[in-house]
Amino acid sequence: MSSGLVDLRSDTVTRPSPGMRQAMAEAEVGDDVFHEDPSVNRLEDMVAALYGKDAALYVASGTMANQIAIRAQTHHGDEIIMERTSHPFNSEAGALAALAGVQVNLIDGAHGIMDAEQIRAVVRTPNVHHAPTALICLENTHNRGGGSVWPLENIRAIREVARSAGVPMHLDGARLMNACVATGLTPKDYAQYFDSCTLCLSKGLGAPVGSLIIGAKEFIAKAHRFRKQFGGGMRQAGILAAAGIYALEHNVERLAEDHLNAKRLARGIAEIEGLAVDVNRVETNIVYFDVRQAGLSVPILLERLKAEGVLMLGTGPNSIRAVTHLDVSKDGIERAVKVLREVVH
Ligand SMILES: *Cc1c(COP(=O)(O)O)cnc(C)c1O
């Protein structure tokens with residue numbers, strides 16, 4: 001970045017590139033509430049095809065994508081199953097309770113990953129005392145799990161449990177492209193096991209705004225109505241959708257660089273006395289490390305980093321998160337490691 005700042009707080013801090021801004025400026029637009037925005041329609045068709053589903057719906061944010069998808073597949077008073085550290089439960093401002101009106105059965109995963117037996121144990125059987133299980137939600141990659149990638153076997157086995165119980169499955173795929181680039185699998189390989197999926201364009205893909213909900217035709221029609229109800233109907237949104245199309249055409253394969261930079265960062269951190277990181281757990285673009293042995297509190301460490309132009313995020317009393325993205329180069333990572341070493345010692 002021109003300011004020389006190395007901003008590793010999140011992969012949402014990226015700025016649209018000149019090429020992306022040009023695509024936005026030149027976007028064909030229409031009124032998307034009337035389905036007449038050619039750029040939005042094109043983006044939705046692109047992402048539906050990418051995921052191997054009937055249709056997709058462009059929405060303002062990843063939170064809106066998750067919440068509309070959950071709202072459209074549940075009734076008030078239903079129960080949904082998700083992992084304890086998952087994004088919709090922890091980071092969506094109480095929307096599960098406020099908007100969908102569901103209760104959540106939380107599972108303790110390993111770095112966000114659950115197995116089929118854990119799900120089988122909590123799926124409700126018909127009983128007047130129970131809130132019926134209406135949806136099983138997974139997150140891939142898993143944000144608080146450290147950008148962990150779901151093994152396909154676990155997803156497949158959970159799908160079997162879901163199928164026999166007649167319960168649909170939702171994928172929070174905010175960073176699904178990171179999982180695909182890390183494994184070589186396609187979005188379809190993952191999406192085939194889910195009734196509803198999401199994708200965020202404003203994370204490592206570098207668009208300023210926007211997410212998609214992806215699924216079968218009838219589900220998307222229902223989601224469309226809830227998007228309007230949630231206040232998410234947009235008009236000449238093609239200006240924004242054009243950035244998303246550009247992101248999908250230019251910024252997917254390069255996620256491999258972010259993954260490499262995250263590994264570089266983790267290896268650098270591992271060599272600093274007082275900091276602890278599990279380098280082998282860094283599978284994509286997220287690095288969590290522990291500062292317990294550094295003799296510094298998280299806020300003080302973050303403040304010292306900031307004074308040297310390096311930004312990271314505190315995620316617990318001893319834990320800091322750093323996320324790599326397209327506005328941080330290899331040089332930026334080397335600088336972050338150097339500054340970390342200086343401020344810890
Ligand atoms: C960022 C993120 C979202 C969506 O967040 P918004 O800020 O609403 O776009 C959803 N799920 C996961 C796993 C995320 O990391």
Side-chain angles (χ1 to χ4, degrees), residues 7-14 16 43 47 51 56-71 80 82-96 98-100 104 106-107 109 111-114 135-150 155 169-182 187 190-191 194 196-214 223 226-227 230-232 234 237 240-241 243-244 247 255 258-259 262 283-288 313 315 321-326:
D7 191 346
L8 296 163
R9 288 172 301 167
S10 174
D11 44 7
T12 56
V13 301
T14 59
L43 173 64
V47 176
Y51 276 57
L57 186 70
Y58 185 57
V59 298
S61 69
T63 295
M64 188 181 267
N66 278 329
Q67 294 302 328
I68 289 174
I70 293 166
R71 178 71 186 90
I80 66 173
M82 59 175 61
E83 202 274 333
R84 183 175 304 279
T85 61
S86 63
H87 196 279
F89 182 71
N90 291 284
S91 305
E92 300 189 4
L96 292 174
L99 303 180
V104 188
L106 293 169
I107 307 279
H111 306 285
I113 313 296
M114 302 177 280
L135 193 64
I136 296 165
C137 302
L138 312 187
E139 181 176 320
N140 192 22
T141 64
H142 200 287
N143 184 341
R144 291 191 186 212
S148 46
V149 178
W150 272 78
I155 300 176
M169 301 231 312
H170 171 70
L171 171 65
D172 179 345
R175 293 188 183 82
L176 189 66
M177 293 305 160
N178 292 86
C180 291
V181 167
Y190 290 110
F194 296 90
S196 61
C197 308
T198 67
L199 172 69
C200 282
L201 301 164
S202 60
K203 295 270 164 85
L205 299 180
V209 177
S211 286
L212 288 112
I213 306 169
I214 311 104
F226 283 115
R227 184 181 71 174
F230 284 20
M234 296 189 279
L240 300 169
L255 290 171
D258 299 343
H259 298 175
E283 297 176 78
T284 56
N285 69 328
I286 303 180
V287 180
Y288 282 88
L313 204 67
T315 51
R321 186 186 82 167
V323 185
T324 58
H325 53 77
L326 73 174

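Please read these numbers as outputs of a predicted model, since none were measured by experiment. Atoms within a ligand are numbered from 1 in the order they appear, just like the ligands themselves.
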Expected output: side-chain Asn90 to main-chain Arg84 donor-acceptor under 3.5 Å: yes
Trp150 backbone acceptor or donor facing Asn140 side chain under 3.5 Å: yes
Steps toward side chain to side chain contact (heavy atoms under 4.5 Å, CB included) verdict (His87, Thr63): CA-CA 9 Å; His87 196 279; Thr63 295; 4.2 Å; yes
When you check ligand 1 against the protein, what N or O pairs turn up below 3.5 Å? List the atom names and distances, or just say none.
| residue | atom | partner | partner atom | Å |
| --- | --- | --- | --- | --- |
| ligand 1 | 8 (O) | Thr63 | N | 2.8 |
| ligand 1 | 8 (O) | Thr63 | OG1 | 2.6 |
| ligand 1 | 9 (O) | Gly62 | N | 2.9 |
| ligand 1 | 11 (N) | Asp172 | OD1 | 3.1 |
| ligand 1 | 11 (N) | Asp172 | OD2 | 2.6 |
| ligand 1 | 15 (O) | Asn143 | ND2 | 3.0 |
| ligand 1 | 15 (O) | Arg175 | NH1 | 2.8 |
| ligand 1 | 15 (O) | Lys203 | NZ | 2.9 |

Option from Ile286, Val287, Asp258, Leu313 for which side chain to side chain contact (heavy atoms under 4.5 Å, CB included) with Val323 holds: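 That would be Ile286; it is the only one of Ile286, Val287, Asp258, Leu313 passing the side chain to side chain contact (heavy atoms under 4.5 Å, CB included) with Val323.
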Tyr190 vs Val149, side chain to side chain contact (heavy atoms under 4.5 Å, CB included): CA-CA, chis, key distance, verdict: CA-CA 11 Å; Tyr190 290 110; Val149 178; 3.7 Å; yes
Point-to-point distance, once rounded to the nearest 0.5 Å, from CG of Leu212 to OH of Tyr51: 8.0 Å
